Protein chains: 2
Amino acid sequence: MPLGLTNQEMKKIDDVVKARRRVKQGELLFSHGDLFTSLYAIRIGFFKSSVSSEDGREQVIGFQMTGEIIGMDGIVNDVHSCNAVALEDAEVCVLPFAHIESLARELPGLQHHIHKIMSREIVRENSVMMLLGNMRAEERLAGFLLNLVQRLHARGFSQSEVILRMTREEIGSFLGMKLETVSRTFSKFSDAGIIEVKQRYVRIIQADALKKILNLQRLN
Amino acid sequence: MPLGLTNQEMKKIDDVVKARRRVKQGELLFSHGDLFTSLYAIRIGFFKSSVSSEDGREQVIGFQMTGEIIGMDGIVNDVHSCNAVALEDAEVCVLPFAHIESLARELPGLQHHIHKIMSREIVRENSVMMLLGNMRAEERLAGFLLNLVQRLHARGFSQSEVILRMTREEIGSFLGMKLETVSRTFSKFSDAGIIEVKQRYVRIIQADALKKILNLQRLN
DNA sequence: CGAAAGGTTGACACGTGTCAAAGTGGGTGG
DNA sequence: CCACCCACTTTGACACGTGTCAACCTTTCG
């Protein structure tokens with residue numbers, strides 16, 4: 001909320017944001033079919049969001065971390081269409097959407113902020129579609145790693161070291177590839193000296209090499 | 001706008017919606033880097049939206065038709081991040097976003113409507129991610145065709161016949177496959193008696209068969 | 001300490017990409 | 001108004017990246 005607000009206005013927002021909810025590792029924050037009432041602002045922890053097809057296949061549509069907002073899929077039909085699972089013990093602010101809307105009518109800055117958050121999600125998904133539609137395994141994984149460390153870095157963490165919160169299978173689901181291919185591609189990067197991998201631990205040695213893989217795709 | 005509004009309120013909305021813009025076939029409504037000022041409601045015509053990577057590859061992220069709203073990608077950074085091209089002569093309503101926002105503060109129904117539109121776009125992209133990440137060529141094309149005729153049918157057109165407005169290459173870009181694979185998959189469906197194809201003309205003979213291909217994916 | 005879950009690696013299969021050639025249709029200029 | 005041309009589509013042969021299946025290794029947790 002980076003906006004010039006009076007104390008009174010800040011207080012109104014604080015009131016909406018009061019409720020907290022803890023979600024243990026592996027538990028659902030919400031799932032497909034749940035009534036939509038609120039958005040959630042992640043305070044602590046790491047989530048994955050996914051949709052599933054009628055025949056049971058899962059597609060991870062994103063990984064969310066501290067400061068990000070989830071639940072916007074539920075607005076259109078008053079029912080959530082995707083699942084949100086905590087990948088580690090987590091805590092969220094519950095933001096009752098009806099309150100948000102009424103507050104947004106009073107506070108133009110808040111209103112615009114909400115529009116931006118939804119637009120950002122649309123733009124993010126656009127770039128995931130590029131990744132899924134146009135890129136090969138190496139490019140996908142390079143893009144995934146760079147995006148992940150960039151977001152972690154923005155939150156004060158290392159830009160070269162990560163402990164992954166998700167399995168190879170979940171990474172693969174997100175990137176549209178099988179877990180074996182994820183594992184093999186990690187190994188390939190490791191053999192090339194671009195990263196160091198040991199299970200969930202990943203250290204990026206040559207970020208430039210990853211960027212190169214991401215951009216100059218078809219030139220190898 | 002399916003909402004109980006007074007005449008006065010309707011008039012305010014009409015004022016915002018007054019401006020029109022014509023876009024000829026092949027022309028851009030907006031493109032990557034353009035300043036964002038407005039959303040656009042399609043009155044007539046058929047559009048494709050796409051993003052492009054730094055090395056020039058294009059990913060079609062959607063096809064939009066009458067009644068749909070485009071341009072929401074621009075809100076987050078005040079700059080459009082994707083391109084919108086008319087696939088046939090088209091006309092849109094220009095909806096200046098600042099006006100929309102101020103009006104939405106007065107009219108809760110309009111406000112919620114806007115949130116729904118953005119949420120619907122997020123949900124749509126979720127299902128495209130499922131398609132790109134989990135499905136094979138036949139399933140993708142089946143899903144594409146069913147979605148297309150369903151939307152056309154909702155607008156009063158036939159639910160079994162379509163004249164495609166886009167090339168095989170554009171379909172392929174959207175579905176994450178090459179144009180030859182699109183063509184081959186059309187032929188395969190045609191050989192199976194599921195559809196009739198002649199260039200841009202497609203007639204769906206067995207919608208059930210398409211639905212079956214879409215759901216029972218890995219059971220062939 | 002043992003079992004279960006997750007990760008790595010190998011061999012092979014298969015779907016889709018690539019490259020090439022030929023067919024089709026619509027728009028435009030003569 | 002017709003014919004040519006160009007963009008688009010179809011189809012074939014082959015290549016290659018990723019999926020599949022299986023075995024084995026590592027780590028975590030009860």
Side-chain angles (χ1 to χ4, degrees), chain A residues 24-26 48 57-60 85 87-89 131-142 144-145 162-192 195-202 213 217-220, chain B residues 24-26 48 57-60 85 87-89 131-142 144-145 162-192 195-202 213 217-220:
Chain A
K24 290 222 181 93
Q25 182 171 23
K48 75 167 176 185
R57 284 180 293 175
E58 182 188 51
Q59 171 71 37
V60 173
V85 180
L87 295 180
E88 60 185 353
D89 290 354
L131 184 144
L132 291 171
N134 263 305
M135 298 187 181
R136 320 148 55 342
E138 291 184 29
E139 309 169 35
R140 294 181 196 194
L141 193 63
F144 169 73
L145 287 173
V162 202
I163 305 288
L164 300 174
R165 295 273 111 95
M166 69 295 279
T167 66
R168 298 289 186 264
E169 186 168 22
E170 287 163 337
I171 296 171
S173 170
F174 179 57
L175 299 179
M177 51 208 247
K178 294 292 155 185
L179 67 94
E180 293 93 333
T181 307
V182 175
S183 183
R184 268 187 255 273
T185 309
F186 269 128
S187 299
K188 193 180 286 186
F189 286 171
S190 179
D191 292 349
I195 62 175
E196 182 190 338
V197 193
K198 194 168 187 189
Q199 309 275 116
R200 300 286 180 99
Y201 169 83
V202 177
I213 288 168
Q217 334 257 8
R218 216 125 308 250
L219 310 183
N220 43 357
Chain B
K24 290 221 182 93
Q25 182 171 24
K48 74 165 178 186
R57 284 179 293 176
E58 181 188 52
Q59 171 71 36
V60 172
V85 180
L87 296 181
E88 60 185 352
D89 291 355
L131 184 143
L132 290 172
N134 261 306
M135 298 188 181
R136 352 238 249 67
E138 291 184 30
E139 310 169 35
R140 293 181 196 193
L141 193 63
F144 169 73
L145 287 174
V162 202
I163 305 288
L164 300 173
R165 298 270 109 95
M166 69 294 279
T167 66
R168 299 288 186 264
E169 186 168 22
E170 287 163 337
I171 296 171
S173 171
F174 179 57
L175 298 179
M177 53 208 244
K178 294 293 157 185
L179 67 94
E180 293 93 333
T181 307
V182 175
S183 182
R184 268 187 254 274
T185 309
F186 269 128
S187 299
K188 193 180 287 186
F189 287 171
S190 178
D191 292 348
I195 62 176
E196 181 190 340
V197 194
K198 193 166 187 189
Q199 308 274 118
R200 301 285 181 100
Y201 169 83
V202 177
I213 288 168
Q217 337 256 6
R218 217 126 307 253
L219 311 182
N220 44 359

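Quantities reported herein were computed from a predicted structural model and do not represent experimental measurements. Per chain, numbering begins at 1; letters A, B, ... match sequence-line order. Hydrogens, waters and symmetry mates play no part in the numbers below; they use all other heavy atoms, side chains included.
The CG-P distance, from A/Leu141 to D/dG17, rounds to 17 Å in whole Å. In this structure, CG of B/Leu132 is placed 13 Å from P of C/dT16, rounded to the nearest angstrom. Counting to the nearest Å, the C1' atom of C/dG25 and the CZ atom of B/Arg200 are 11 Å from each other. A/Tyr201 places its OH atom 17 Å from the P atom of C/dG7, with the value rounded to the nearest Å.
The C1' atoms of five pairs define one axis at each end of the helix from C/dC1-D/dG30 to C/dG30-D/dC1, and these two axes lie 40° apart (to 10°).
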> Reading nucleotides 24-30 of chain D from the 5' end, what letters show protein touch, with B for base, S for backbone sugar-phosphate only, - for no heavy atom under 4.0 Å?
Replying inline: ---S---
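Residues meeting the side chain to side chain contact (heavy atoms under 4.5 Å, CB included) test with B/Leu131, sequence neighbours left out: B/Met135, B/Arg140, B/Leu175. A/Glu88 pairs by the side chain to side chain donor-acceptor pair (under 3.5 Å) definition with A/Arg165, not counting sequence neighbours. Scored by the side chain to side chain contact (heavy atoms under 4.5 Å, CB included) test, B/Glu196 finds B/Tyr201, B/Arg203, B/Ile205 as partners (sequence neighbours excluded). By the side chain to side chain contact (heavy atoms under 4.5 Å, CB included) test, B/Glu169 pairs with B/Thr167, B/Leu179, sequence neighbours left out. In terms of the ring-ring contact (aromatic ring centres under 6.0 Å, His included) criterion, B/Phe189 has no residue partners (sequence neighbours excluded). Every residue two or more places apart in sequence or in another chain that forms a side chain to side chain contact (heavy atoms under 4.5 Å, CB included) with A/Lys24 is listed here: A/Glu27, A/Asp89.
Residues A/Leu141 and A/Ile213 have side chains not in contact (no heavy-atom distance under 4.5 Å, counting atoms from C-beta outward).
Closest to the side chain of B/Ala137, out of C/dG7, C/dT8, C/dT16, is C/dT16.
A heavy-atom distance below 4.0 Å to DNA chain D is reached by these residues of residues 180-190 of chain A, ordered by number: A/Glu180, A/Thr181, A/Arg184. Within residues 162-179 of chain B, the residues having any heavy atom closer than 4.0 Å to DNA chain D are, in order of number, B/Thr167, B/Arg168, B/Leu179.
Listed by first and then second residue, the side-chain hydrogen bond (donor to acceptor under 3.5 Å, both in side chains) pairs that reach into residues 179-189 of chain B are B/Glu138-B/Lys188, sequence neighbours excluded.
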